[in-house]
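This report refers to the structure that appears directly beneath it.
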Amino acid sequence: MDKCKVLVVDDESRMRKLVSDFLTKQGYEVLEAGDGEAALDIFYKDKDIQLIILDVMMPKLDGWGVCREIRKDSKIPIIMLTARGDERDELLGFELGVDEYISKPFSPKILVARVEAILRRTSAIGSDDILSAGGIEINKTSHTASIDGKTMDLSYKEFELLTYFLENQGIALSREKILNSVWNYDYFGDARTIDTHVKKLRSKIGAKGEYIKTIWGMGYKFEVS
């Protein structure tokens, strides 16, 4: 069985080695890049990369620029690393389609756990389940979503969130429950993460965004009127 391939992008060689060593010990094949331009070169040459760990502050092209370029062609899961604790950075990352967000310093074990969680969810989409409600259809096998027959352009995390809503129609879901189920138990996020993704999801499904109802002081409920 081929090893899962991960691209680690960071201008600090010590950080790349730290992350690479932990991932390699877990059986991953790791590719490394020291700046944004090198990262894009590797990404476009190697079609087998399954996940990217991307630092924000880098020479030549920063992490935001790399993310923007990659999102033009791919929905590959991206974990963003940053030395900043700025809320605006985190929200920008999610706006650009980042799947996970980790502030430095962090535990390599936690990073590896998040990598495993994302890839486990990706590979777990192997059933031929098709979910549908109110003109929205989710195909878990092909990892695609459509609305009234028209394909939707969703990020990996937006797809996971919409799937979770359809799987739990009519059920009031707290933000904590959504975080634990969609972002996994090891994600130390908060309500802003959920609210940002729900806002984008509502925007992308247009008039049907009203299906995602806000339960004030608690969370959300997906319900087709």
Side-chain angles (χ1 to χ4, degrees), residues 51-52 54 56 62-80 82 84 86-102 118 121-122 125 129-184 187 189-225:
L51 182 141
I52 299 174
L54 181 63
V56 172
D62 65 15
W64 305 130
V66 174
C67 187
R68 286 188 183 95
E69 287 300 313
I70 288 176
R71 281 292 175 257
K72 291 178 182 178
D73 304 299
S74 173
K75 296 178 183 177
I76 186 173
I78 296 175
I79 297 178
M80 188 74 86
T82 179
R84 299 177 180 175
D86 194 329
E87 174 184 328
R88 291 172 297 178
D89 276 1
E90 183 171 350
L91 294 177
L92 175 59
F94 289 133
E95 287 291 326
L96 292 176
V98 172
D99 298 284
E100 300 282 4
Y101 193 96
I102 303 178
I118 288 178
R121 290 196 294 268
T122 303
I125 302 174
D129 290 346
I130 293 179
L131 305 172
S132 62
I136 298 173
E137 183 172 286
I138 293 285
N139 188 317
K140 297 172 69 175
T141 301
S142 61
H143 206 263
T144 56
S146 63
I147 182 166
D148 294 331
K150 183 178 180 180
T151 300
M152 300 170 63
D153 183 20
L154 301 180
S155 71
Y156 171 82
K157 194 60 67 178
E158 289 165 355
F159 179 88
E160 291 285 299
L161 181 58
L162 184 57
T163 298
Y164 186 66
F165 278 142
L166 263 69
E167 288 175 337
N168 293 274
Q169 292 183 56
I171 300 175
L173 303 168
S174 69
R175 289 177 173 83
E176 290 74 20
K177 186 174 180 63
I178 296 172
L179 273 175
N180 290 337
S181 300
V182 179
W183 274 261
N184 208 49
Y187 181 76
D190 57 27
R192 292 194 309 272
T193 301
I194 302 297
D195 297 340
T196 299
H197 279 78
V198 167
K199 181 179 179 181
K200 288 195 70 176
L201 197 54
R202 279 173 170 160
S203 175
K204 289 188 176 183
I205 61 180
K208 297 181 190 295
E210 65 181 17
Y211 296 164
I212 305 175
K213 305 181 187 305
T214 299
I215 302 177
W216 299 108
M218 179 190 176
Y220 297 96
K221 176 169 67 173
F222 184 92
E223 190 170 55
V224 177
S225 302

- prompt: Looking only at heavy atoms, which two atoms of Ile76 and Leu51 are closest? And how far apart?
  reply: CD1-N, 3.5 Å
- prompt: So do Asp148 and Lys208 actually touch side chain to side chain, heavy atoms under 4.5 Å?
  reply: yes
- line: In short, Gly149 meets Ser146 closest at the heavy-atom pair C-CB, 4.2 Å
- request: Hey, could you give me the OG1/NZ distance between Thr193 and Lys157, rounded to the nearest 0.5 Å?
  value: 10.0 Å
Expected output: side-chain Ser181 to main-chain Lys177 donor-acceptor under 3.5 Å: yes
task: Check Ala172 against Ile215 and note the closest heavy-atom contact, atom names and distance.
output: CB-CD1, 3.4 Å
- prompt: Do the ring planes of Tyr101 and Trp64 sit parallel (below 30°), tilted (30 to 60°) or perpendicular (above 60°)?
  reply: parallel
message: For the CZ atom of Arg202 and the NZ atom of Lys200, what is their distance to the nearest 0.5 Å?
response: 15.0 Å
- request: Measure the shortest side-chain to side-chain distance between His143 and Tyr156 over non-hydrogen atoms and say whether it is less than 4.5 angstrom.
  value: yes
- prompt: Is Lys75 close to Asp153 at the side-chain level, that is, under 4.5 Å between some pair of heavy atoms?
  reply: yes
task: Could you tell me whether Arg71 and Asp99 have a side-chain N and a carboxylate O separated by less than 4.0 Å?
output: yes
- prompt: Going by the angle between their ring planes, with limits at 30° and 60°, are Phe222 and Tyr211 parallel, tilted or perpendicular?
  reply: perpendicular
message: A side-chain contact here means heavy atoms from C-beta on lying under 4.5 Å apart; do Val182 and Phe165 qualify?
response: no
message: Can you tell me how far apart CD1 (Ile138) and OG1 (Thr163) are? Round to the nearest 0.5 Å.
response: 4.0 Å
message: To the nearest 0.5 Å, what is the distance between CD1 on Ile212 and CG on Leu201?
response: 4.0 Å
message: Check Glu69 with Lys72, please: is the shortest side-chain N to carboxylate O separation under 4.0 Å?
response: yes
task: Could you tell me the separation between the CG atom of Asn139 and the CG atom of Leu131, rounded to the nearest 0.5 Å?
output: 9.0 Å
message: Tell me the closest heavy-atom pair linking Leu54 and Cys67, and the distance in Å.
response: CD2-N, 4.1 Å
query: Should we count NZ of Lys213 as having more than 12 external heavy atoms under 6.0 Å?
result: yes
task: Mind listing the closest non-hydrogen atom pair of Ile171 and Lys221 along with its distance?
output: O-CG, 3.5 Å
statement: When rounded to the nearest 0.5 Å, the distance separating CD1 of Ile147 from CG of Leu154 is 9.5 Å
